[in-house]
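Below is one structure, written out as structure tokens; comments come after it.
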Amino acid sequence: MKILIANLGSTSFKYCLFTMSGSSQELLAKGGFERVTEYTPCIEEMLQTLTDDGHLSSPDDLDAVGFKTVLGKNLSGCVEADDRVLEALDGFKEVAPAHNPAYAEGIRCFRDKLPKVTRVALFETAFYQWMTPAEYSYALPKAWRDLGIRRYGFHGASHKFVAERSAELLGRQDVAERVRKLYIDGPGTFDAAPLRVVSCHLGGSSSVAGINNGVSIGASMGFSPQSGLPQNNRIGDLDSMAIPYVSKMLGLPIDEIERQLNKESGLLGLSGVSNDLRDITEAMDAGNPDAKLAYEALIDSIRHWAGSFLFKMGGMDALVFTAGIGENNPDLRARVCAGLQDLGLTIDPEANQIRGAEAVISTPDSKIKAIVIPANEELVIAREVLRFIQAK
Ligand code: AMP
């Protein structure tokens with residue numbers, strides 16, 4: 001089965017083509033376009049390239065196209081990318097302005113160009129569908145909540161992959177199987193011994209999720225991906241009263257406040273150096289105090305959220321690091337886990353040197369395992385699309 005994953009940014013279009021059979025999968029081709037103003041010519045060029053290179057006998061040789069949609073109004077999960085999805089994306093275009101209009105246009109282009117090819121949307125919020133109202137509700141007046149303002153959680157594809165892979169690594173095939181079937185069958189009931197995982201997706205965009213027996217019980221991101229940990233140049237958590245206060249004190253209109261919270265905040269805002277943690281740690285090592293502040297604030301926020309989920313789940317069996325920072329920054333991982341030996345988590349300094357590969361980085365006698373699991377979001381989406389098609 002050939003599955004194309006379309007990654008649509010506001011000015012870019014990237015794709016990966018996988019061939020999937022049973023539990024094996026292979027990346028056949030990947031590519032992309034920058035400075036995109038219209039998706040249709042890019043899709044046409046991509047299909048031509050894939051055909052010329054022999055990966056497809058014709059464009060209709062594709063079995064499905066998968067879209068990593070971010071946030072839909074009144075809709076989540078892994079679903080057919082039909083009119084319902086377009087409506088849901090449109091309903092929240094103000095909340096995800098860089099992503100929702102791009103995905104809506106991309107889905108329409110594929111529908112017009114390849115009407116026979118199945119289109120599947122995997123929402124980034126899908127992994128959090130089973131949070132309880134107490135977990136997802138903000139304490140707001142009903143009229144606000146009726147607009148759909150609540151916690152949603154994001155990076156669902158990545159955290160779900162961590163849920164499945166960590167269960168496999170910890171010898172819990174029962175939990176891994178539950179995760180595999182989650183979007184098809186729902187969580188059902190589960191009586192076996194608990195498996196409590198805290199997953200840290202740390203990259204340009206970062207979030208921490210609590211995962212109990214393969215099902216998420218919460219995430220650091222809320223109504224939008226602008227909450228939780230400090231992001232590359234996006235705010236993360238902020239007390240809502242700061243916005244009217246800054247508006248009055250600095251005389252800023254709401255559009256400018258939104259721009260600064262999205263573009264000039266996060267690690268960039270704190271460090272004044274860069275939105276990339278490599279530049280920030282370099283500046284910190286050279287003695288820049290603002291860079292040190294940004295690095296330490298990120299670590300503090302990771303510990304804050306991980307601790308919150310540990311408490312909620314009544315313990316933690318594994319702490320997982322994934323994505324660019326999580327996979328490649330041993331110093332940050334060691335600092336996140338510092339002083340936790342009384343809880344039963346001790347990092348093995350040698351094992352912790354691993355970069356970009358899967359490894360257990362805690363000591364063998366550590367009760368809580370610390371694990372690095374590399375993210376491969378395109379492949380994760382392709383696997384979910386395959387499961388969706390097979391279930392259909
Ligand atoms: P991502 O969004 O997952 O690509 O992650 C981007 C972040 O990961 C940036 O802040 C980078 O500083 C960090 N990162 C990526 N690769 C490395 C690396 N090889 N060493 C250290 N940090 C890295």
Side-chain angles (χ1 to χ4, degrees), residues 5 7-12 14-16 27 30 32 34 68 70 96 98-99 124 127 154-162 165 199-209 219-221 224-236 262-286 288 290-302 305 320-337 347 349 351-359 361 370-381:
I5 303 304
N7 185 339
L8 297 137
S10 47
T11 61
S12 67
K14 297 185 189 127
Y15 62 89
C16 288
L27 176 67
K30 66 189 288 188
E34 298 293 338
K68 190 177 75 160
V70 178
H99 294 100
E124 281 287 70
F127 192 43
F154 296 87
H155 292 140
S158 174
H159 289 301
K160 183 170 186 274
F161 178 67
V162 164
R165 187 65 195 137
S199 171
C200 306
H201 178 108
L202 310 173
S205 173
S206 300
S207 69
V208 177
S220 58
M221 281 177 169
S224 80
Q226 329 292 43
S227 49
L229 314 185
Q231 316 290 336
N232 48 7
N233 27 240
R234 293 179 284 119
I235 169 67
N262 278 301
K263 306 256 191 244
E264 294 183 359
S265 300
L267 297 174
L268 173 66
L270 270 177
S271 71
V273 170
S274 166
N275 66 5
D276 189 304
L277 202 65
R278 282 170 288 202
D279 302 332
I280 293 170
T281 47
E282 201 181 304
M284 177 178 77
D285 293 342
N288 181 324
D290 294 334
K292 183 166 181 276
L293 172 64
Y295 191 59
E296 290 178 350
L298 174 63
I299 291 166
D300 188 72
S301 187
I302 299 165
W305 281 101
V320 178
F321 294 94
T322 189
I325 297 169
E327 292 164 29
N328 293 296
N329 193 324
D331 180 72
L332 176 134
R333 293 189 300 240
R335 291 190 196 210
V336 167
C337 299
I347 289 291
N352 186 34
Q353 291 314 306
I354 195 89
R355 286 168 190 265
E358 190 173 277
I361 57 167
I371 312 175
V372 174
I373 297 180
N376 186 345
E377 291 196 76
E378 275 75 19
L379 177 59
V380 173
I381 296 159

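On a predicted model such as this, the values are computed, not experimentally measured, just so you know. In each ligand, atom 1 is the first atom listed, and ligand 1 is the first ligand listed.
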How far is [atom] from its nearest protein heavy atom, and which residue and atom is that?
{"atom": "atom 10 (O) of ligand 1", "answer": "Leu277 N, 3.0 Å"}
{"atom": "atom 22 (N) of ligand 1", "answer": "Arg278 CG, 3.5 Å"}
{"atom": "atom 1 (P) of ligand 1", "answer": "Gly204 N, 3.7 Å"}
{"atom": "atom 20 (N) of ligand 1", "answer": "Asn328 CB, 3.3 Å"}
{"atom": "atom 3 (O) of ligand 1", "answer": "Gly324 N, 2.9 Å"}
{"atom": "atom 7 (C) of ligand 1", "answer": "Ile325 CG1, 3.7 Å"}

inquiry  = Check whether Ser220 reaches the backbone of Val208 with its side chain - one donor and one acceptor, N or O, closer than 3.5 Å.
reply    = yes
request  = Please answer whether the main-chain N or O of Ile299 pairs with a side-chain N or O of Arg335 as donor and acceptor at a distance below 3.5 Å.
outcome  = no
task = With rounding to the nearest 0.5 Å, note down the distance linking CZ in Arg278 to CD1 in Ile325.
result = 9.0 Å
message = Within the 3.5 Å criterion, strictly below it, is a donor on His155 or Ser199 matched to an acceptor on the partner's side chain?
response =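 Checked: His155/Ser199 side chains show no N/O donor-acceptor pair below 3.5 Å.
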query = Do NZ/NE/NH1/NH2 and the carboxylate oxygens of Glu358 and Arg165 come within less than 4.0 Å?
reply =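 Looking at Glu358 and Arg165, the cut-off is met.
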message = Taking a cutoff of less than 4.0 Å between a non-hydrogen atom of the residue and any ligand atom, is Asp276 in contact with ligand 1?
response = yes
note = A student checking ligand 1 against Ala323 at a 4.0 Å heavy-atom cut-off should list atoms 3 (O)
note = Heavy atoms of Pro230 and Leu298 approach each other most closely as O-CD1, 3.9 Å
